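Fair warning: this is a prediction, and the values are worked out from it, not measured in the lab.
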Amino acid sequence: MVKDRLIRFIVLVAVGLVLGGFIALAQIYAGKGDAPGNGVGSGFSSLPMAGVQVGGPFTLVDQTGRTVTEKDFSGFKLIYFGFTFCPSVCPTELQKITLAMDALGKAGDSVQPIFITIDPERDTVPVMREYVKLFHPRLTGLTGSREQIDAAIGAYRVYAAKVQEEGMSDYTMDHSSFIYLMSPDDRLLAIYKTQDKADDMAKDIAARIKSES
Ligand code: NI
């Protein structure tokens with residue numbers, strides 16, 4: 001229907017504006033590499049995010065079928081949004097989280113790695129259960145109803161859109177790719193980008209855990 005398409009277009013434009021603003025902000029932050037609160041030395045691109053409202057309450061379902069909220073995770077949270085059918089970026093980023101957790105060693109005990117799907121229609125509880133096994137043994141996979149997922153996507157300002165390519169039976173998803181480090185009281189501490197390396201990420205996380213304690 002034309003009206004549906006129009007609404008979808010308006011939503012896409014709105015999402016695009018929000019994302020564009022976010023990227024611009026990220027670039028501003030990246031520009032001042034030695035801003036206070038940046039845990040590690042120059043050349044590293046994690047973003048100090050003081051004062052930026054990202055994250056918030058969520059109610060989702062973990063890979064065992066249990067309903068959980070942000071309050072069920074008492075320590076630091078390392079959160080990534082993606083989908084299990086993603087051919088390259090999502091597995092690469094989840095592998096990076098796994099390597100960073102390994103590099104953190106004992107210091108990583110207070111960090112909960114979390115993968116939240118943006119594609120709950122296909123990423124059901126059993127699909128998530130099988131998928132998280134491929135990565136860090138403590139990785140939690142969260143799915144939920146479309147409404148629950150949309151609320152989490154909104155809170156973390158994630159860009160996610162279904163893409164149906166002509167001649168393909170399955171759809172794919174366009175999405176932003178950031179790893180969020182949240183404090184135990186759910187404040188955003190850092191955002192890591194696809195170009196950040198696992199070792200640098202681990203060092204930055206360790207520094208931020210230390211400065212929070
Ligand atoms: Ni992906």
Would you tell me whether [X] and [Y] have side-chain atoms, one donor and one acceptor, within less than 3.5 Å of each other?
X      : Y      : value
Thr117 : Asp119 : no
Asp62  : Thr140 : no
Tyr192 : Asp204 : yes

Is a salt bridge present between [X] and [Y], judged by a nitrogen-to-oxygen distance below 4.0 Å?
X      : Y      : result
Asp199 : Lys197 : no
Lys77  : Glu70  : no
Glu93  : Lys193 : no

Should Ile191 and Phe73 be counted in the same cluster of Ile, Leu, Val, Met, Phe, Trp and Tyr side chains packed under 4.5 Å apart?
yes
For the residue pair [X] and [Y], establish whether any side-chain heavy-atom pair is separated by less than 4.5 Å.
X      : Y      : value
Leu60  : Ile116 : yes
Arg138 : Met101 : yes
Phe58  : Gln148 : no
Leu139 : Ile114 : no

Testing the basics here: between Asp196 and Lys96, what is the closest heavy-atom pair and its distance to 0.1 Å?
O-NZ, 2.7 Å
Which heavy atom in Asp123 sits nearest to a heavy atom in Thr143, and how many Å separate them?
O-OG1, 2.8 Å
How are the rings of [X] and [Y] set to each other: parallel, tilted or perpendicular (split at 30° and 60°)?
X      : Y      : value
Tyr180 : Phe81  : perpendicular
His175 : Tyr80  : perpendicular
Phe115 : Tyr131 : tilted

